[in-house]
Amino acid sequence: MQKHVTGLVQLVDVSGARPRAQTVWPTVVLPKSAIEAEIERLADILRPSNGVRASAVNHPMNTGPVPAYAPGIAVHMQVLKPGEEVEVGMRNSSLVDMCIRGTGGVKVGGKQFAVEKFDVWNTPSMETQIYRNDGSDLFVRLSYSNAPLLERLEVHYVDDEPASTGKKYTEAAEASAAGAGPRARDVAKPIVIGRDGAQMLGYEWLVDIDTVDSQPLLWPWKEVSPHLENVHAMDLGYTGRHLYVLYNPATGRRIGTSHSFFATIAKVPAGKVDRPHRHSSAAINYIMWGHGKSVVNGEKIQWEEGDLHFSAPGWSVHNHASREQGLMALTIQDHPLHIAMESLLWQETLKDPILKLGSNRGPDTNLNTLRKAA
Ligand SMILES: [Fe+2]
């Protein structure tokens with residue numbers, strides 16, 4: 001229902017106005033015990049009519065319009081009991097998921113795969129999704145979505161009846177994939193303006209954009225985990241991070257797992273202390289194993305296996321440290337989104353310059369020196 005606008009459009013005098021101070025969401029930890037208790041509670045409720053047993057993690061500073069753990073990142077715990085199956089409608093938000101308990105079947109669009117603990121996969125926008133618990137334990141996944149930003153923009157398209165409009169979308173998508181004929185934009189020749197690269201383009205260029213094949217991809221833990229030994233074995237003096245990005249080639253130079261988020265899995269040796277740094281992307285860490293501590297905006301915080309840590313509010317100085325066990329963690333950051341917006345500011349150490357990654361060359365690590373010494 002469209003609301004009637006009752007007030008007048010106002011003009012706000014911003015002449016000479018100072019920049020607005022940003023509201024920093026403090027670092028917080030959702031402990032494993034709270035996650036486990038919520039999973040059990042979701043398993044005990046009467047099955048909702050849409051089949052979705054889920055809880056959204058909400059940061060205490062969030063002002064909505066939907067629950068979110070970082071301003072642009074939602075984290076939902078999705079639970080299915082043995083034998084349950086749920087179909088989720090199409091939406092223009094996209095997901096990165098990690099299975100944290102049990103086993104299940106996942107069908108995204110026309111692709112299906114089985115998942116188990118610590119498997120990670122991405123779900124492109126506008127795909128039908130079916131999840132099935134074919135095991136004997138609860139099937140639980142942490143699902144990270146860029147929906148909070150779309151909700152803030154008031155353009156989160158959600159179709160819970162994929163059999164109707166969703167089907168029309170799918171048919172149109174298939175037809176466009178099949179259409180390899182000449183494009184109208186090919187005859188709408190660019191007009192060069194001046195000598196610095198400015199151009200004028202016809203409408204055809206606006207609506208017929210070069211496409212990128214966007215697929216659901218799976219990173220099975222069985223295949224990922226042996227490679228983590230490489231980063232785990234690296235010298236404590238390594239100035240980079242002991243991790244791998246789960247890279248989806250559809251994201252190209254923006255090095256993402258989905259078009260909005262990257263997922264990394266770190267395996268950090270014991271006694272590692274990162275240097276304080278900051279970035280405009282926000283970060284959420286799920287501690288898969290081990291324990292450690294962080295200093296974020298001057299605030300000390302500890303975390304351990306099974307905790308969900310809002311570990312880096314955008315542009316907050318922070319560093320993380322492992323303790324005597326080392327640790328493994330899944331980190332989700334809205335880094336590719338920022339690269340697309342030309343807003344990814346990065347300061348590798350507080351002595352280094354502020355860089356705009358994607359436009360400025362990024363910082364080097366000492367990887368070359370370490371490789372030569374090995
Ligand atoms: Fe960071």
Side-chain angles (χ1 to χ4, degrees), residues 22 24-30 59 61 68-73 75 96 98 144 146 228 231-232 234 236-247 254-258 260-269 271-288 290-303 307-323 326-339 341 343-358 360-367:
Q22 304 295 284
V24 178
W25 292 15
T27 184
V28 281
V29 167
L30 180 68
H59 191 284
M61 294 285 284
Y69 202 33
I73 308 174
V75 189
V96 176
M98 174 183 259
Y144 299 79
N146 63 342
L228 294 176
V231 287
H232 186 241
M234 286 180 73
L236 281 179
Y238 174 48
T239 58
R241 304 283 181 270
H242 299 250
L243 58 76
Y244 283 110
V245 181
L246 306 182
Y247 177 57
R254 293 179 300 112
I255 315 295
T257 309
S258 71
S260 286
F261 302 156
F262 75 52
T264 61
I265 297 191
K267 188 164 187 182
V268 182
K272 175 81 183 193
V273 183
D274 289 341
R275 294 176 299 175
H277 66 283
R278 58 182 169 174
H279 31 77
S280 53
S281 46
I284 296 172
N285 291 351
Y286 176 67
I287 316 305
M288 299 158 64
H291 59 183
K293 53 194 174 182
S294 304
V295 182
V296 184
N297 261 336
E299 193 177 334
K300 291 180 185 159
I301 197 161
Q302 303 207 29
W303 30 265
D307 290 351
L308 189 67
H309 178 204
F310 174 51
S311 56
W315 209 236
S316 292
V317 175
H318 62 280
N319 77 313
H320 309 304
S322 63
R323 293 161 68 187
L327 67 102
M328 282 197 296
L330 168 77
T331 299
I332 301 286
Q333 279 192 28
D334 49 4
H335 181 114
L337 169 74
H338 277 291
I339 298 172
M341 295 194 295
S343 54
L344 184 60
L345 303 184
W346 195 276
Q347 196 174 19
E348 183 70 354
T349 75
L350 300 184
K351 288 183 188 146
D352 286 321
I354 294 170
L355 298 172
K356 184 174 76 173
L357 295 194
N360 305 135
R361 184 183 156 158
D364 279 320
T365 70
N366 59 353
L367 185 62

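In each ligand, atom 1 is the first atom listed, and ligand 1 is the first ligand listed. These values consider heavy atoms only, across backbone and side chains, with no hydrogens, waters or symmetry-generated copies.
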Please list, one pair per line, the donor and acceptor atoms closer than 3.5 Å that link side chains of residues 295-302 to other protein atoms, with sequence neighbours excluded.
| unit_1 | atom_1 | unit_2 | atom_2 | d |
| --- | --- | --- | --- | --- |
| Asn297 | ND2 | Ser316 | OG | 2.9 |
| Gln302 | OE1 | Arg323 | NH1 | 2.8 |

**Prompt:** Are any non-hydrogen side-chain atoms of Tyr238 and Asn366 less than 4.5 angstrom apart?
**Reply:**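 They are in side-chain contact.
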Check: Closest approach of Met234 and Pro269, non-hydrogen atoms and distance?
Finding: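 Closest approach of Met234 to Pro269, heavy atoms only: O-CG, 4.2 Å.
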Check: Taking the six-membered ring for Trp, are His320 and His277 parallel (under 30°), tilted (30 to 60°) or perpendicular (over 60°)?
Finding: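 Plane angle over 60°, so perpendicular.
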Item to complete: Output all residues satisfying side-chain hydrogen bond (donor to acceptor under 3.5 Å, both in side chains) with Ser260, sequence neighbours left out; order by chain, then residue number.
Response: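 Scan of Ser260 (side-chain hydrogen bond (donor to acceptor under 3.5 Å, both in side chains), adjacent residues dropped) gives Asn146.
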**Thr264: side-chain hydrogen bond (donor to acceptor under 3.5 Å, both in side chains) partners, not counting sequence neighbours** =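 Thr264 satisfies side-chain hydrogen bond (donor to acceptor under 3.5 Å, both in side chains) with no other residue.
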Worksheet item: Which N, O or S atoms belonging to the protein are less than 2.8 Å from the Fe ion (ligand 1)?
Response: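 Under 2.8 Å from the Fe ion (ligand 1) - ignoring waters, which are not counted - the protein N, O or S atoms are His277 NE2, His279 NE2, His318 NE2.
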